Amino acid sequence: MPSPITLPLHIVADELARLRAEQPLVHLLTNEVVQDISANVLLATGAAPAMIVAEEEAGAFAALAGGLLINVGTLYPARLAAMRIAVDAANAAGTPWTLDPVAVGVLDYRTDACRELIARRPTAIRGNASEILALAGFGGAGRGVDSTAGSQSAVSAAEQLARDTGAIVAVTGETDFITDGETTWATPWGHPMLTRVVGTGCALSALVAAFTAHAPNRLDAVAAACAVMGICGERAESASDGPGSFGFALLDALYLLNPRMLRELDA
Amino acid sequence: MPSPITLPLHIVADELARLRAEQPLVHLLTNEVVQDISANVLLATGAAPAMIVAEEEAGAFAALAGGLLINVGTLYPARLAAMRIAVDAANAAGTPWTLDPVAVGVLDYRTDACRELIARRPTAIRGNASEILALAGFGGAGRGVDSTAGSQSAVSAAEQLARDTGAIVAVTGETDFITDGETTWATPWGHPMLTRVVGTGCALSALVAAFTAHAPNRLDAVAAACAVMGICGERAESASDGPGSFGFALLDALYLLNPRMLRELDA
Amino acid sequence: MPSPITLPLHIVADELARLRAEQPLVHLLTNEVVQDISANVLLATGAAPAMIVAEEEAGAFAALAGGLLINVGTLYPARLAAMRIAVDAANAAGTPWTLDPVAVGVLDYRTDACRELIARRPTAIRGNASEILALAGFGGAGRGVDSTAGSQSAVSAAEQLARDTGAIVAVTGETDFITDGETTWATPWGHPMLTRVVGTGCALSALVAAFTAHAPNRLDAVAAACAVMGICGERAESASDGPGSFGFALLDALYLLNPRMLRELDA
């Protein structure tokens with residue numbers, strides 16, 4: 001495999017311009033802790049989130065939406081049933097869908113659910129190194145879970161997982177790596193303060209779902225989502241005193257970021 | 001019908017003074033995304049929110065509360081069952097209740113639920129133009145859903161809905177219109193940044209429920225809630241850089257607004 | 001009983017240093033309104049929150065965690081079932097657990113649930129005066145609920161409840177009192193603005209659960225949690241204009257507080 005290459009910022013600019021023009025409707029089936037920050041991250045960036053959670057409605061709405069997010073953070077049976085219905089409807093309608101396999105490999109119930117969801121072939125997967133290593137293990141690669149693993153340690157597992165499932169796989173950490181199994185982008189931006197606010201990783205997965213909506217190039221779309229969150233995380237940190245002010249500065253930065261700024265940084 | 005008249009600010013001042021003096025207890029049965037912002041908007045303005053969600057408790061608490069909010073944003077069967085119990089208890093106890101018919105007309109499950117709830121005769125209804133047009137269609141007016149409709153386009157539907165149901169109806173947008181079917185107030189305040197923070201519309205519905213508690217004039221009470229949110233939205237926007245700082249500035253503005261300021265603006 | 005003594009700040013410093021060194025994993029089974037602020041308070045202070053809510057997982061995770069919080073604010077049957085499983089697993093594994101009996105005594109369903117939970121012997125209980133008076137009444141002390149009671153009025157009930165149950169009991173208000181039934185600490189810090197942001201009391205209970213993790217002295221641990229929240233509440237208020245800016249300033253203050261600052265205040 002060739003080494004990961006740093007994602008050029010002009011690609012991020014193009015993807016952000018596309019998202020802002022399209023304002024995609026994104027169906028979030030996410031955990032109960034992070035619905036607020038996930039929706040606000042999408043609104044600040046320029047997408048339109050909607051949280052439709054009932055089995056009675058999830059299928060119809062997933063077919064209408066431009067993208068769908070499935071996040072298993074606070075999974076329970078009724079919500080898992082709605083997720084299955086939404087995923088099947090998304091697949092039938094051609095709606096791209098993103099899986100955030102929160103804590104897969106740590107607890108059996110969600111691990112089994114993720115195994116089942118992976119078999120339904122997500123368009124994109126976004127996780128930390130431990131989660132990607134656990135998912136890759138499903139495919140026979142045999143890697144265990146290492147909760148202290150850096151993102152670098154999971155690059156080859158991510159590449160294998162992408163080849164096995166057909167998904168774009170993003171393994172995020174100090175540097176994020178985004179791969180389709182052949183080409184791997186690296187996005188080196190970000191700040192540790194992102195780990196001091198609950199839901200920034202989950203909100204990044206929501207942003208991945210937003211960027212994949214109507215995307216002509218899904219690898220670039222997923223990588224752009226990671227880059228946007230990382231760049232805005234750096235900007236927010238320089239304007240804040242702690243995680244409280246960082247949280248609102250992150251939303252302001254996402255709102256204020258624009259393609260022209262990204263192209264100037266690239267020059 | 002006479003044309004809508006801009007709500008005089010001395011009415012807003014009187015209603016806000018009344019709310020601050022009474023600090024009404026408001027039962028919020030709202031969607032799972034916006035509970036935090038809805039409660040914080042009430043606390044900042046001067047009401048006391050409580051979120052009681054179980055079928056085992058919702059009836060007893062709705063009878064104790066000064067006002068009740070029903071919001072169908074993330075409806076599912078167990079929550080709908082609790083809503084039915086709460087509404088029936090509110091009606092029996094004389095507790096005013098407000099309906100926020102999120103996305104009615106778009107998905108069948110919530111549309112059926114809203115039809116059933118409307119038949120239980122809410123005290124107030126707060127929605128955008130598309131939602132009010134969909135609800136008015138239940139009464140035989142035959143208006144379809146238009147997701148791009150401005151609030152002006154739904155004024156006559158709102159007036160008809162008020163006459164059909166006995167509710168005060170607020171259709172909100174760039175200008176808000178509040179009607180009892182005979183008199184229609186217009187509240188022209190607000191800012192588009194309100195649409196970049198999740199839950200500001202739902203929180204406005206919670207504020208409507210708070211103002212209707214113990215209200216001698218329900219039309220004025222609902223209109224005052226819309227005016228307070230709009231005026232504070234304008235103030236927050238002038239003190240913020242994006243949706244993150246806007247979100248907290250809105251809560252500060254609601255806390256700092258007082259009847260004297262409103263009377264001075266009116267002079 | 002000896003009179004309550006103001007908690008020395010060097011104890012708070014020692015407890016905070018311990019928490020920062022250990023970064024305990026804390027299992028939050030809390031109400032659906034306050035999950036975001038509770039998790040963010042723990043992340044800002046230095047603990048690691050995790051919200052695992054399904055009956056299928058709650059037991060396994062409570063056994064892994066350093067501390068567990070049970071908060072009955074938005075109780076319903078499926079969540080209560082998960083709480084029972086988590087508490088039993090915590091007790092079997094020796095994980096300390098904290099009970100926040102939100103509105104116990106006001107509504108029968110949660111009152112019955114709290115009676116059952118108390119019988120499972122929590123490590124710590126954190127409530128306001130009305131809640132502690134209601135719980136103490138279970139033991140035969142016969143005190144009713146007084147929703148306007150100040151914390152001082154519930155000190156002897158708290159001491160009795162601690163002796164009856166073996167729990168550390170914190171009754172919070174303008175001054176907080178923390179007792180094991182023999183020794184009672186008073187923490188006089190805080191600010192009324194804390195009551196204008198939803199979930200600060202619930203987040204304090206989460207912080208109690210974090211401080212009790214691996215604590216050699218549970219009385220000091222619970223008292224330190226109350227002191228940290230109160231001191232940071234004062235600091236946040238002096239840096240804010242209203243409840244919106246207070247909310248983020250509180251998180252910043254929790255992040256910026258350190259043992260050295262506390263020891264200097266103590267000198």
Side-chain angles (χ1 to χ4, degrees), chain A residues 30-41 51 53 71-81 83 102-114 145 147-148 192-203 236-237 239-252, chain C residues 23 25 27-65 74 76 78-79 81-82 197 203 206 232 235-236 239-240 244-258:
Chain A
T30 190
N31 75 67
E32 57 189 53
V33 185
V34 304
Q35 299 208 58
D36 181 79
I37 187 175
S38 299
N40 277 329
V41 160
M51 285 62 66
V53 303
N71 172 308
V72 301
T74 55
L75 200 67
Y76 52 88
R79 204 50 60 97
L80 178 56
M83 289 176 179
V102 180
V104 64
V106 178
L107 295 160
D108 290 345
Y109 177 64
R110 66 186 60 214
T111 300
D112 291 345
C114 286
V145 176
S147 63
T148 60
M193 188 60 85
L194 283 160
T195 65
R196 290 295 195 118
V197 178
V198 75
T200 55
C202 299
E237 198 281 331
S240 63
D241 299 316
S245 44
F246 177 82
F248 82 75
L250 178 63
L251 294 174
D252 284 359
Chain C
Q23 302 179 46
L25 181 63
H27 183 181
L28 303 183
L29 263 170
T30 190
N31 74 67
E32 56 190 54
V33 185
V34 305
Q35 300 208 58
D36 181 78
I37 187 175
S38 299
N40 277 329
V41 160
L42 292 204
L43 286 169
T45 309
M51 285 62 66
I52 305 291
V53 304
E55 298 171 51
E56 289 81 357
E57 300 186 323
F61 198 73
L64 285 177
T74 56
Y76 51 87
R79 205 51 58 97
V197 178
C232 290
R235 292 182 171 220
S240 63
S245 45
F246 177 82
F248 81 77
L250 178 64
L251 294 174
D252 284 359
L254 290 164
Y255 177 77
L256 295 170
L257 189 72
N258 64 55

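Just so we're on the same page: letters track the sequence lines, and every chain starts at 1. Nothing here was measured: the structure is a model prediction, and the numbers come from that model.
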Ranking C/Ala253, C/Ala44, C/Ser38 by heavy-atom pairs under 4.5 Å to chain A gives rank one to C/Ala44
For A/Tyr109 and C/Ala54, the nearest pair of non-hydrogen atoms, with its separation, is CE2-CB, 4.3 Å
Applying a strict 4.5 Å limit to non-hydrogen atoms, the region of A/Arg110 in contact with chain C is both
Review point. So do the side chains of A/Glu32 and C/Val53 get within less than 4.5 Å of each other, counting heavy atoms only?
Key: yes
Taking every heavy atom of A/Leu107 against every heavy atom of C/Glu57, the minimum-distance pair comes out as CB-OE2, 3.6 Å
### Query
Can you find a pair of side-chain heavy atoms, one from A/Val33 and one from C/Leu28, that are under 4.5 Å apart?
no
Honestly, the part of C/Leu254 sitting under 4.5 Å from a heavy atom of chain A is neither
For C/Tyr255 and A/Asp241, the nearest pair of non-hydrogen atoms, with its separation, is CD2-O, 4.1 Å
For A/Arg196 and C/Asn40 the tightest heavy-atom approach is O-OD1, 4.1 Å
For C/Glu56 and A/Pro77, the nearest pair of non-hydrogen atoms, with its separation, is OE2-CG, 3.2 Å
If one checks every heavy atom of A/Ser240 against chain C at 4.5 Å, the contacting part turns out to be neither
Interface check, chain A: of C/Leu43, C/Leu256, C/Asp36, C/Leu42, most non-hydrogen pairs under 4.5 Å belong to C/Leu43
Among residues 243-251 of chain A, those lying within the under-4.5 Å heavy-atom range of chain C are A/Pro243, A/Gly244, A/Ser245, A/Phe248
